[in-house]
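Notes follow once the structure below has been shown.
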Protein chains: 2
Amino acid sequence: MGTAVGGGRSVPRYVQIADEIVQQIRAGVLKPGDMVPSESELVDRYGVAGGTIRKAMVEVRASGLVETRHGKGSLVKARPPVRHRSSDRFRRSHRKGGKAAYLAESEQAGATAKVSVLFIGPADAPGDVAERLGVDAGDKVLARRRLYFRNGTPVETATSYLPWDVVKDIPELFSENPGPGGIYARLEDDGHVFAEFVETLQARPASKAESSELALSPGAPVVHLIRDAVTEEGRVVEVCDTLMAADQFVFSYRIPAAD
Amino acid sequence: MGTAVGGGRSVPRYVQIADEIVQQIRAGVLKPGDMVPSESELVDRYGVAGGTIRKAMVEVRASGLVETRHGKGSLVKARPPVRHRSSDRFRRSHRKGGKAAYLAESEQAGATAKVSVLFIGPADAPGDVAERLGVDAGDKVLARRRLYFRNGTPVETATSYLPWDVVKDIPELFSENPGPGGIYARLEDDGHVFAEFVETLQARPASKAESSELALSPGAPVVHLIRDAVTEEGRVVEVCDTLMAADQFVFSYRIPAAD
DNA sequence: TAGTGGTCTAGACCACCCC
DNA sequence: GGGTGGTCTAGACCACTAA
């Protein structure tokens, strides 16, 4: 049983240890791809109890520099170049180039990107989505749900909702690959000219289900982004509901200095 | 010493307990303002060891529904109405109304707002800020650091950096209250007409220091926002570095559908 | 099968808060 | 002083992973 030295120090031992490990990573003593010493080895090295090392490793994980897997150990992550998600990516000139926004951005960053389509088909509009689309809750809409990978790991899930009367005559929207420029190009081909996009973001800790879908440590932050695509007639013809691993993205927006 | 029942259950006991407590809050059994039962009481109620309750409470805190203070206990938080931080708040017409952006938004939301100025004065430009301002790292700039409160709790720290040659002839910028419309109005009065603002956001877990400054549970997500204020001459005359409690804000941006 | 992380116990001491 | 949360111990058992 513990002789309990007590927690009297101003800065707790487990924080000190966590900081030391994080510093070793930042300083390059532990390089990406290296394994962090096992917990029992750290117990010996620091001369503390297992629980203390355990708490320290929780802190280290929270720094996002390390990935822990159960029977294996903790791996120093290759600092993934974050994807810069700029508001400029909706420019028509990017679409005319034939690429969807995500592909252009990924190539720019020199990363391997993959999209896996999880579902395309009719669905009942969820309440908040229906409100944004200006239809009744439960009305039939087209849902397009997909999972984005980056360098092999899932980083983002996205579901687009489109009113049925908008999509029913555009067969490409029911296809996994809607063609050059993506679904926005098809919508503009069909006469739905966009005036603006409105993005709403909120960051919060991932739920258990979300953290497993995005392969995150439980409680790691995610960004919930909802985008309304508004046409020149003022109609919202698409709502895109997106969940992203927060450590994988930087968002940037240009705001004109309007009167 | 423990007879160690072991952690064999598929869903750990501490998660079960945490979920139960969270459900009690969501269902209104525990109302805002109530105290969560003390840890020792929970130990008796659930018949588990203190450490298990402790881990459960860490989970509960991560939900953001509860605020724990050392010698007191855990208080069920009044679900604060989030502040909607819209990109429209930089419109000149809002400034002409005489109010700074944050005040207008807070009043709109019916919340009490307070700003505490922590520092105004010359400072050496940090590297990344210097780069954005187009000056050398370490050059003298004006720093304005402030802490924003909402209903009595700190929700945001912000530091503005302005090049010295821009501010040296605008005495109001050295004052705690720069007058109607805030510092942007003073800058435009002085001939620095804004063309656009560029905001860059990233969400991540709070560090220990940050979580104490913003009265957050350690590891709760924060949003790091950096804004460049760009004039019509293309010069960045202000960089504002902001750290926000993620659960207190929703961000929204309008993106014109440009060519 | 050996090693690793994950869960749990029972008990100690400390620091903070309020009466 | 009595209660509350925060840190720490020493040891047990379990689940996952890889040789």
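Every chain is numbered from 1 and lettered A, B, ... according to where its sequence line falls, protein lines coming before strand lines.
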Atom CZ of B:R54 and atom P of C:dC14 are separated, to the nearest Å, by 17 Å
Between C:dC8 (C1') and B:Q16 (CD): distance, integer Å: 13 Å
A:H70 has an atom NE2; how far is it from atom C1' of C:dT4, in whole Å? 7 Å
Rounded interatomic separation in angstrom, taking CZ from A:R69 and C1' from C:dG3: 16 Å
Of the nucleotides D:dC8, C:dC8, C:dG6, which has the atom closest to the B:R13 side chain? C:dC8
Please confirm whether the shortest side-chain N or O distance from A:Y14 to OP1 or OP2 of D:dT7 is below 4.0 Å. yes
Start with the C-alpha distance between B:R85 and B:E199, add both sets of side-chain angles, then the distance that settles salt bridge (Lys or Arg N to Asp or Glu O under 4.0 Å), and finish with yes or no. CA-CA 12 Å; B:R85 203 166 169 293; B:E199 294 198 338; 3.6 Å; yes
Nearest-Å distance, NZ (A:K55) to C1' (D:dG5)? 11 Å
So, do B:Y46 and B:T52 sit near enough that their side-chain heavy atoms are less than 4.5 Å apart? no
A:K72 side chain near D:dA18 phosphate (N/O to OP1/OP2, under 4.0 Å): yes
So, A:K77 and A:D247, do they make that salt bridge, N to O below 4.0 Å? yes
Kindly state which residues belonging to residues 37-53 of chain A come within less than 4.0 angstrom of DNA chain D, counting heavy atoms of the residue only, listed by number. A:V48, A:A49, A:T52
Without decimals, in angstroms, what is the distance between A:I21 CD1 and C:dG5 C1'? 14 Å
Is the closest side-chain donor-acceptor distance between B:R26 and B:Q23 under 3.5 Å? no
Indicate yes or no: at least one non-hydrogen side-chain atom of B:V60 is less than 4.5 angstrom from one of B:S74. no
Check whether any side-chain N or O of A:R61 sits under 4.0 Å from OP1 or OP2 of C:dG6, and answer yes or no. yes
Separation of atom CD1 in B:I17 from atom C1' in C:dT7, rounded to whole Å: 12 Å
